[in-house]
Amino acid sequence: MLRKIRIAAAAFFFVLTTLLFLDFTGTLHAWFGWMAKIQFLPALLALNVGVVAFLVILTLLFGRVYCSVICPLGVMQDIVSWASGKRRKHRNRFAYSPALTWLRRGMLVVFVAAMLAGVGSLLAPYSAYGRIASNLLAPVYAWGNNLLAYIAGRMDSYAFYSVDVWMKSLSTLLVAVVTFAVLFVLAWRSGRTYCNTICPVGTVLGFLARYSLFKPRFDTSKCNGCKLCARNCKASCIDPAAHKIDYSRCVACMDCLENCRQGAITYTLRRRKPDPAPAPQRPAADAAKTPSDASRRRFLGLAGIVAYSALRAQEKKVDGGLAVIVDKKIPNRATPVVPPGAQSLRHFNAHCTGCQLCVSVCPNQVLRPSGKLMTLMQPEMSFERGYCRPECTKCAEVCPTGAIRLTDLAGKSSIQIGHAVWIAENCVVNTDGVSCNNCARHCPAGAIKMVRRNPDDPKSPRIPAVNEERCIGCGACENLCPARPFSAIYVEGHSRHRTV
């Protein structure tokens, strides 16, 4: 019963957390966006004292329930391990192994040092799962949506609409593929190896779980030494010979309770002094086979508490159906452009874990993961597909770490994240001899004016002049510039944002 409750709660959190990365409409975030903000590391970086305190108290009461219910990466490993256990030769495949304390502590030190250096997102469990979901699952979800949109269109229905499927970053995709492959192999063969050797969150919560009030405990008078508990423990933390459990590695999955046919393991509060182990005796056939009702009630209380793709062709655009429009290329910016609310590059890099949630929900396709080593997988703004609209605050709404914070729309419209730079040799006024004022016409800040190229010649063509003091760096000019492959006007980022 306890295991079924845990599985139901884990499925609830896992499915909805995954959909946060897949839902391109932004509908789910209004209802379940809090699930991203109760993840341990994002809450810690956001200095969300309430969430961190809740997770600490939850662990001190019930053990590492966070790892088996709330953490999507942990639940993903459980799914893989469960699938592996369905094979006949993989049943009852686990065995007790001593804790690699030196490795766990060493990885924690490495992670803290990497986070201080701004490159620790590779080991962050929630962010690792975010990259897997947004790079491997989101395209499949979008393809399924596009198929439904095609079918609905043939039936004159507008219930669905197609969306672009494109590779935002090759480096992030490769990291996601490697991460998934490594975790899949580890979970398939050894269950929760990653969680109990490499994961920094598991190490921290494992230290707290040693002192939890509710724990799985042995009743040596009922144990017959069958070792089924240890052979089904995916954390490999049960020593059946000594009747001991390493609570720093136990993820409170309740598999041992479910598999113990003698009822020798219960999830209980009462502390008992260790009794001398009696000689193994086989109990009667009608011995207790399920945990006590009291254990079920306690866990029910816990449940209340923790209540480049195949569609590349669709990107092809044509001018009036006659000529293919050349895709724009990303300009070489001296300073990257980061979203309004990031405050500065230093603040953004220190808080962002590269989970890709903001990239997934950006309706204008402006955000994409960085490919630079020091900011690898952290989002940057690029304006080939759209620009940062003044009325949109999606990235700030979903950011779980506080790397992007906005108070209101008015505040966003007055934040200068960069300024526009005009490149004369790319402008169609100079290259094609035509008139154009796209950049000035679409500038929401009114920072671009069209002036005579030659002030002394009244017939001289007009060219843009940028008022850097008024420009907020939204990228409308860069996105809507007709010049190809490089826009004649692009946004240069500011290392520190300011209010205009």
Which atoms form the tightest heavy-atom contact between [X] and [Y], and what is the distance?
{"X": "C436", "Y": "V428", "value": "CB-CG2, 3.8 Å"}
{"X": "R64", "Y": "L205", "value": "CG-O, 3.9 Å"}
{"X": "C443", "Y": "I448", "value": "SG-N, 4.1 Å"}

Are R498 and Q416 linked by a side-chain donor-acceptor pair shorter than 3.5 Å? yes
Have N430 and R453 got a donor and an acceptor in their side chains that come within less than 3.5 Å? yes
Considering residues at least two apart in sequence or located in another chain, which fulfil the side-chain contact (heavy atoms from CB on, under 4.5 Å) criterion with V51? I38, A43, N48, L55
Run the salt-bridge test on [X] and [Y] with the 4.0 Å N-O cut-off and return the result as yes or no.
{"X": "E380", "Y": "K168", "value": "no"}
{"X": "E397", "Y": "K37", "value": "no"}
{"X": "D327", "Y": "R484", "value": "no"}

Report yes if the side chains of [X] and [Y] come closer than 4.5 Å at any heavy-atom pair, otherwise no.
{"X": "C388", "Y": "K412", "result": "yes"}
{"X": "P363", "Y": "K394", "result": "yes"}
{"X": "M381", "Y": "I417", "result": "yes"}
{"X": "K328", "Y": "P485", "result": "no"}
{"X": "S68", "Y": "R192", "result": "yes"}

Between Y161 and F24, does the ring-ring contact (aromatic ring centres under 6.0 Å, His included) criterion hold? Intermediate values first, please. CA-CA 11 Å; Y161 61 91; F24 49 81; 5.8 Å; yes
Would you please classify the geometry between the F184 ring and the F180 ring as parallel, tilted or perpendicular, with 30° and 60° separating the classes? tilted
Would you call the rings of F214 and F62 parallel, tilted or perpendicular, where under 30° means parallel and over 60° means perpendicular?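 Parallel, since the angle between the ring planes stays under 30°.
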Can you confirm whether more than 12 heavy atoms, excluding those of N332, are under 6.0 Å from its CG atom?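 At most 12 heavy atoms, drawn from other residues, nucleotides or ligands, come within 6.0 Å of this atom.
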NZ or CZ of R368 within 45° of W166 ring axis and under 6.0 Å: no
Under 6.0 Å between ring centres, would you say that holds for F14 and Y129?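 Judged by ring-centre distance (under 6.0 Å), F14 and Y129 do meet the cut-off.
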